[in-house]
Number of protein chains: 2
Amino acid sequence: MRYHRSDIVERAVDILDQYGLPDLSMRRIASELGLQPSALYHHFTSKQVLLAAVADELLTRGDRPDADGLSWDERVIGQSRGLRDAMLAFRDGAELVATVHAFGLGARTPHARLAATIRDGGFDESFSRAAATTIMHFVFGHVSDEQTHLQANSVGAIDDVVGGGTDRADKASFELGLTLILDGIRLRHHAASAVG
Amino acid sequence: MRYHRSDIVERAVDILDQYGLPDLSMRRIASELGLQPSALYHHFTSKQVLLAAVADELLTRGDRPDADGLSWDERVIGQSRGLRDAMLAFRDGAELVATVHAFGLGARTPHARLAATIRDGGFDESFSRAAATTIMHFVFGHVSDEQTHLQANSVGAIDDVVGGGTDRADKASFELGLTLILDGIRLRHHAASAVG
DNA sequence: ACCTGAACACCGTTCAAGT
DNA sequence: ACCTGAACACCGTTCAAGT
């Protein structure tokens, strides 16, 4: 059977979600498709590149258009929540995206979209990019933490003390951090307006 | 020869700095010490635990006490810069710390110190912790990015266009993001002061 | 263009046995 | 307590060869 890049990425997403990132090996993907490992290198030059495609697929699947009639900062919040939801929707999603990002690949579309939205708020290009980067770092880091703790709670048996309310606390802490950054951005806006 | 945990960690730090994270294998560490790989498991229960010790060693080596007579927010900035410097001082330092953190280990001391400093600013415990978390995420993410780009520039030959001023731009973008978050925190302070 | 088969050069971890 | 030696069950990647 002959496969396309998209078939391979889909299978990889399935393996990731069912068995986790450590089991997402080239050999595993190949064997689930009934292929030799070497066949994958006809579609992707390396595992890193394949993983980048998987990460982008996760984020694309979670992608939602901005709601109508929202201000720029409401749209930034919506996009950030969307990124969080997309990563949380798959096992080890945050770790995968972070790994791919650490390698210098992936997640360029969400970043560009955030930057454009901030620019709509009247900020200049370079500030908008830096602010978008700050938000991306926060979102990746926070969701990574959340998923790590969720995993720790599901593996161990510490649910008696911490469990239950934890996801609500995670959500609250996510919203708080996001607000902190947005307040910082808005402050620059008012400062600029007051001067200009 | 008989080694202690600290000897192994020191060797691991050397290997990391000279050859990078991908070459930091249990077999490599063992062979540089003249040991069998299995000997390492007498000192560390797993590679992850060893890596956590290496990450903490990096951060400890870069540790500087707060300067005298600084306000809480100036101390937060100083500590954040210190973390950045510590990670940048070693090859793949940021990626190592991020990896260890994603596994749920390490970097607890810097986080606790940041949270305590923010609490000194008059914020309550849970807010201080969440704000410290936001800063840690930003620092890890940003420095990871910086190191990735530095690496890309040193491997490839793209210095003609981007190179040269890049590290200064990185530093500036780090300071900007940090300011954004701190402004958000300070805003909460003033809001609370105005009410209380 | 897409894939097989075989090989190369590695991994982390376990465990009985030594001193 | 600290380490050896050997094994188990894997990795990512390359490359000649097939269709």
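Chain identifiers are assigned alphabetically (A, B, ...) following the order of the sequence lines, protein sequences preceding nucleic acid strands; residue numbering begins at 1 within each chain.
- In this structure, Ser38(B) reaches the bases: a heavy-atom distance under 4.0 Å links it to at least one base atom across the strands shown.
- At whole-Å resolution of the value, CG in Leu24(A) and C1' in dC10(D) are 15 Å apart.
- Between dG12(C), dT13(C), dC3(C), one nucleotide has an atom nearer to the side chain of Ser25(B) than all others, and that is dG12(C).
- Applying the Watson-Crick and G-U wobble criteria (two distances, each under 3.5 Å), dG12(D) pairs with dC8(C).
- dC10(D) and dA9(C): their P atoms are spaced 22 Å apart (whole Å).
- Distance Leu33(B) CG to dT4(D) P: 10 Å, rounded to the nearest Å.
- Summarising the geometry, the separation between CZ on Arg5(A) and P on dC3(C) is reported as 13 Å, rounded to the nearest angstrom.
- Look at OH on Tyr19(B): it is 17 Å from C1' on dC10(C), rounded to the nearest Å.
- With respect to Arg119(B) and Asp124(B), no salt bridge is recorded, no charged nitrogen being found less than 4.0 Å from a carboxylate O.
- Of the side-chain N and O atoms in His4(B), none sit less than 4.0 angstrom from OP1 or OP2 of dA1(D).
- The 5' end of DNA chain D is approached more closely, in terms of each residue's nearest nucleotide, by Gly34(B) than by the other of Pro37(A) and Gly34(B).
- Rounded to an integer number of Å, the gap from CG of Asp23(B) to P of dC10(C) is 10 Å.
- Atom CG in Leu40(B) sits roughly 12 Å away from atom P in dC11(C) (whole-Å rounding).
- With distances taken from any side-chain atom of His43(A) to the nucleotides dC2(C), dG12(D), dT4(C), the minimum falls on dC2(C).
- In this structure, of dC11(D), dG12(C), dA1(C), it is dA1(C) that holds the atom nearest to the side chain of Arg2(A).
- Set against dC3(D), dT13(D), dC11(C), the side chain of Tyr41(A) has dT13(D) as its closest nucleotide.
- Tested against Val54(B) for a side-chain contact (heavy atoms from CB on, under 4.5 Å), the candidates Val97(B), Val100(B), Leu96(B) yield a single pass: Leu96(B).
- In this structure, dA1(C) forms a base pair with dT19(D), meeting either the Watson-Crick or the G-U wobble geometry with both donor-acceptor distances under 3.5 Å.
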> Would Ser71(B) and Glu74(B) count as a side chain to side chain donor-acceptor pair (under 3.5 Å) if you check the C-alpha gap in whole Å, the side-chain angles of each, and the deciding distance to 0.1 Å?
Replying inline: CA-CA 5 Å; Ser71(B) 57; Glu74(B) 288 167 330; 3.0 Å; yes
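- The distance between atom CG of Leu51(A) and atom C1' of dG12(D), rounded to the nearest whole Å, is 12 Å.
- Between His42(B) and dT4(D) there is no side-chain N or O to OP1 or OP2 distance below 4.0 Å.
- When each of dT4(C), dG12(C), dG12(D) is scored by its nearest atom to the side-chain atoms of Lys47(A), the top-ranked nucleotide is dG12(D).
- Among dG12(C), dC2(D), dC3(C), the nucleotide with an atom closest to any side-chain atom of Arg27(B) is dG12(C).
- One finds no side-chain N or O of Gln36(B) lying less than 4.0 angstrom from the OP1 or OP2 phosphate oxygen of dC3(D).
- Under the 4.0 Å criterion applied to side-chain N and carboxylate O atoms, Arg64(A) and Asp85(A) are not assigned as salt-bridge partners.
- The aromatic rings of Phe138(B) and His142(B) sit tilted relative to each other, their planes meeting at an angle between 30° and 60°.
- Among the nucleotides dG12(D), dC3(D), dT13(C), the one closest to the side chain of Leu35(B) is dC3(D).
- Spacing between atom CZ of Phe44(B) and atom C1' of dC2(D) amounts to 14 Å, rounded to whole angstrom units.
- Listed nucleotides: dC11(D), dT13(D), dT4(D). Nearest to the side chain of Ser46(A): dT13(D).
- Checked against a 6.0 Å centroid threshold, the rings of His101(B) and Phe140(B) count as neighbours.
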